[in-house]
Every structure is written in structure tokens, then in C-alpha cells.
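Report on the structure given below.
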Amino acid sequence: MFIALRSDGRGGTTAVSLDADGAETARTDLAPDDLAAWIAERERERPRWVWSDTSRWYPPLLAAGVRVERCIDLRLCRRILRHAIATSGTVWPDDGWDRPAPAPTAAGALFDLEESSSDDDPVAELARQRAAIAASAEPGPLALLTAAESVGSLVAAEMTFAGLPWRAEVHDAILRELLGDPVPGARPTRMEALLGEVRTALDEPTLNPDSPAELVKALQRAGLRVTTTRSWELKNVDHPAIPPLLEYKKLARLYTANGWSWLAEWVHDGRFHPVYVPGGVVTGRWAADGGGALQLPKQVRGAVVADPGWRFVVADAAQLEPRVLAAMSRDTAMARAGQAQDLYQGMVDAGAVETRPQAKYGMLGAIYGGTQGESGRMRPRIERAFPRAMAYVEAAARAGERGEVVRTWLGRTSPPGRQALQQVDGADGTLSDAEVRRAQTDARSWGRFTRNFVVQGTAAEWALCWMGALRRRLWELGDPGAPLLARPHLIFFLHDEVMVHTPEGLAPIVETALRESAAEAGRLLFGGAPVEFALSVATVERYADAR
DNA sequence: TCGGAAAGCGCC
DNA sequence: AAAGGGCGCTTTCCGA
């Protein structure tokens, strides 16, 4: 059963109940003050709520203490289905569902009037989407993908609502330890001291180290043969200015990105409330909007401390992308290597390569399209040991080079290519050599993108299914009737890693739930494929202690 | 003066 | 320590 929610344009909401075939069975007009209670009441029947954007409808419900089990985020699903190659037979109207989601309103600030676009009828769009899936080449995977994307949107809103426990005084202590004391209008003391060493060593008393152009000129004046100021290039240079400069650059990064201003802007009342953007990356990965939630540097993770009597259970899917590739390509040799907790060690034990770093860089090179260095050198051996896996990503790369689209396991489809190589083939000598080279470079670059797309995107699908399964289990672990934040709940997500905030006594069963959910995600996506999705799980008080 | 591009680096 | 796909964020730079 579905219940579609639609703003009536005057602050109220119309709820349309639909049966399994999508036929209307009831219609209710709700005043703003009645909405949350009505939804909580109907939630007992566990309908699938259908709404334009979870980011807009769900935060006020969470603020009112209402958690829902299932939904369809029509805008996220439209984006998937419109571009999916499997639904290419569907003609989509050029309408508001293709527009980006309206900016999420702050939690608690009820639906604002001007945002309700009356032309976007959720009932009609639901019918269109269900018909498109039913008529597609693969209804099962697309139905799973849209459900997974939608549950991801619920998780994202719930994690924003919960906020990540953050001890500002611990963060401050970490900053003082590394950067020195803050100085108003100037650099912190330790950074300033390091900068002094750099200026002395280069004999450049007014050098601004934050300007790459100025810095590279100063280094060249000092006789250093560098063309950029990237750390990995400077590491190979022997000069007394380099060690303090590298240290300064590291600290400057921390100071600007996650220093005291970040703390003041993003942490309030002991919580960091990042805004996640499900599906914000073309591959289906999440992005973050503000606060840099997906790039929290390890240096500050010591400030993430569980509430008294609570713990974090942190789980990381070990070598997720190689395992996903093994499952997609049905590469049994690679699946066998993945029987080990550590897939890379499994590759060594199977005799494919000699050392774990060789396995790691060889595998990443296969997935990313690396040709240089260690990953390039390992390529022939990976190809010999795992022919089906390599053939799978090679096929994706070639398709991209030809300007074709590729798709993930569940059917998310890559953006259209630029057909660079086709242009070269069809140009028949009318292009200059330079133009041909440029076109070939572009084509190969796009091929690396499509090669990675199929693996990264499928890994993102696995992660969504993992979180969806976990979310349901966590809810059932809590006391019936208890609000979301009094039960074990998801609190952080990082592509292949999740963190649960839980009462200490429940941590062991949360660990079990994490593992069961990983196995469930594997079965959902790949059925009986003999691929294991190993987790490394840790129960900790501080995020920094998780690995 | 302002906005976008580039450089650089954090995360996976 | 390596190579290279995807992002966000900050500062600097440069041209309209």
C-alpha cells in the first residue's frame, strides 16, 4: 500500500491512499498541525510513503518524533529511471521532476508555501515510474535500486537529525596540540614558528606559503628543481626548507578545513549535523553539502565521543570494491581469494602476487585503470589470475572509449559519453595530429571513468542495501515505542563504512546485526554468488579508536 | 568588486 | 611510499 503526500499550496497536505495496483482508495486533507500525528497513526500499517523529496518531507516528521519505515523519494528515483538504459523505452515528460530538489528546509520549519509546486503530482509520477520499471528490461533490479535509493534518503535524514556526537573541548585540545594556540588575525603559534623556519631557510622573509605561485617561485630562486608545490613532489627534494614546509602545509590544511572556524560553524550543543546528499555523485555515492562530512580528517576523529553509557559500533566493509567486482563478473578465483577476511592477503595466498601491497595496488589499478608504477606492473599478473574480473572492467572501459554508456549491477547508468574515438574514426584524416591525440586522450580518460563507474556504483548499491537492512534490524533492537534516538541508530556513513550509536549493552547484538545485514546485502544483489563481504567491526567510545 | 577556475589536499 | 576513479572545501589568482 502507498500513501502519496502532496502540498496543497496553502501549507496543508493532501494524502492519497493507493492500493497495490496504484488505484486511489482514500483521500485526506490535513492541516499542518495534524500531519505528523496522522502519519504516525497510519505508519502502523507500514505503508510506503510517496513524496517528492525525503529531504523536504522527512525532517519535520523526525523533529515531531515520527519515524517511517518505507518511502519512495520520487525525485531521486526519477533521476535514476530517466537515465537508466533499461527504461529507454519510456518517454518522460519534460516536467518539474527533473528539476533539482528544493533546498531542504531546516528541521522543524514546516513546509514553506512557495516551494509547493502544484504541477508535480506525486500520484501521476508514481504511476509513471512503476510503469517504466514494469516495462523495463529488468524490473527486479530497478525496483530494488529505487527502493534502496529511497531508504538511503531516510537514513540520510535520520543521521542529520541525530547528529554526530562531537566534543568541542576535545577538538580544541587536538587543535592546540597540533597547531599551537590560536592568535586572532594571525596564524596559530606553531604554524607561525614553522613558517619562520621556512622563510629563514629560503631567505624569503615575507613569503606567503599559501600562494602556490609565490611558493614555487621562491623554491626555484633557492635553486630547487620543482614545478609544483604538491607535497608528494616536495618530498623528493633535499633542502632544509622542505621538512618545515611539509609540516606547515599539513597543519594549514587542518587549520583552514577543520580548525576553530569549522568548529564554531558546524558543532552546536555537542553535535555535528552534516547534510548528506544521497545520489549526489553520478556513480550513486552520496555527497555532502557543507561541513565536509565525507572528508573528516583522521586527526580530529578523537573529538567524536559516544554519549555516556553509549558506544559506537564502527564497521568497515573490507576491500568492498574488489569483492563487488568479483561478484559482478562471477570471477570464481577472485571470489575464492575473498574467502579470506583480507582479500589482498587471499590473493597472495593463492599465488597471484607475492606481497600484499602488490595485491592492493594491482587491484586498485585494475579498477581505476592505472597503467603506471606498481599497479601497471601488476596488471598482467592480475589479468592471468582473475581473467573474468579484468574482462569485465576492460569491457566497461572500451564501451566508455567508444562513447557508449555503461551501467551498474542494478542498472544505474553512466552519463552519455563524448564519443571522442568515434569522432576520430569517422573524421577520416580531417583532424590534425594534435586533435587526434587530444581525442584519444579524452577517450581513454572517459574509459577510466566508465571502468570505475561500474564498480564504484555497484559498491554504492551494496552499501545502500547494507544500510537499509541494518536500519530495519536496529529499529527492532530497541524498545517498542521508544523514539529513534533512544534506540541503536545509524549515525555516520562513509561510502563503505557505517557507524552505529548504541547503548553499551546492545553493542554485541549490533555487531551481529551489522554482519547479518552485510550478508543480506550480498544476497539481495548477487543471489547465490559465492562472494563474502567481510567486515571489520569495532566497538569503541571514540571514533579515532576504531582502527 | 565579484565570481569562477585552478591548485592543493582531505576522505573513500 | 607507489596510481588514479569519485567527491568537497579553502585560498589564491585572474579576468570581466
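Chain letters run A, B, ... following the sequence lines, proteins first, then strands; residues in each count from 1.
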Can you tell if the side chain of A/Asn452 reaches within under 4.5 Å of the side chain of A/Arg448, non-hydrogen atoms only?
-> no
Looking at every strand, decide which applies to A/Asn208 at a 4.0 Å heavy-atom threshold: base, sugar-phosphate, or nothing.
-> sugar-phosphate
Extract all donor-acceptor atom pairs below 3.5 Å that involve side chains of residues 224-231 of chain A and protein atoms in other chains or at least two apart in sequence.
unit_1   : atom_1 : unit_2   : atom_2 : d
A/Thr228 : OG1    : A/Arg230 : N      : 3.2
A/Thr228 : OG1    : A/Glu233 : OE1    : 2.6

Mind checking what makes side-chain hydrogen bond (donor to acceptor under 3.5 Å, both in side chains) contact with A/Thr413, not counting sequence neighbours?
-> none
Select base, sugar-phosphate, or nothing to describe what A/Gly376 touches, counting heavy atoms under 4.0 Å on all strands.
-> nothing
Pairwise side-chain contact, A/Met467 with A/Val151, heavy-atom cut-off 4.5 Å (strictly under) | no
Under a 4.0 Å N-O cut-off, is there an ion pair linking A/Glu401 with A/Arg398?
-> yes
Near DNA chain C, under 4.0 Å by heavy atom, which residues of residues 163-197 of chain A?
-> none
A/Ser153: partners by side-chain hydrogen bond (donor to acceptor under 3.5 Å, both in side chains), with sequence neighbours left out | A/Thr54
Qualifying residues under side chain to side chain contact (heavy atoms under 4.5 Å, CB included), relative to A/Thr160, sequence neighbours excluded = A/Tyr276
What nucleic acid atoms does A/Gly292 come within less than 4.0 Å of, heavy atoms only: base, sugar-phosphate, or nothing?
-> sugar-phosphate
Partners meeting side-chain hydrogen bond (donor to acceptor under 3.5 Å, both in side chains) with A/Arg330 (sequence neighbours left out) = none
Per-nucleotide pairing state of DNA chain C [Watson-Crick or G-U, under 3.5 Å; [ ] pseudoknot-crossing; | other strand] | ....||||||||||||
Closer to the 5' end of DNA chain C via nearest nucleotide, is it A/Val281 or A/Glu265?
-> A/Val281
Could you tell me whether A/Tyr361 contacts a base, only the sugar-phosphate backbone, or nothing, with contacts defined as non-hydrogen atoms closer than 4.0 Å?
-> base
Nucleotide range of DNA chain C contacted by chain A, 5' to 3', under 4.0 Å to a heavy atom?
-> C/dA2 to C/dC13
Mind listing the side-chain donor-acceptor pairs of residues 177-189 of chain A below 3.5 Å, one per line with the distance, residues two or more places apart or on another chain?
unit_1   : atom_1 : unit_2   : atom_2 : d
A/Asp181 : OD1    : A/Arg176 : NH1    : 3.2
A/Arg187 : NE     : A/Tyr248 : OH     : 2.8
A/Arg187 : NH2    : A/Asp210 : OD2    : 3.3
A/Thr189 : OG1    : A/Asp181 : N      : 2.9

Classify the nucleic acid contact of A/Val282 as base, sugar-phosphate or nothing, counting any heavy atom under 4.0 Å across all strands shown.
-> sugar-phosphate
Can you check each nucleotide of nucleotides 1-12 of chain B against protein heavy atoms at under 4.0 Å and return B for base, S for sugar-phosphate only, - for none, in 5' to 3' order?
-> ------SBBBSB
Close aromatic pair by centroid cut-off 6.0 Å: A/Tyr58 and A/Phe161 = no
Taken in chain and number order and not counting sequence neighbours, the residues that satisfy side-chain hydrogen bond (donor to acceptor under 3.5 Å, both in side chains) with A/Arg253 are none
Does anything in residues 259-270 of chain A pair up under side chain to side chain donor-acceptor pair (under 3.5 Å), and if so which pairs, sequence neighbours excluded?
-> A/Asp172-A/Trp260
A/Met363: which of A/Glu321, A/Met334, A/Met378 passes side-chain contact (heavy atoms from CB on, under 4.5 Å) = A/Met334
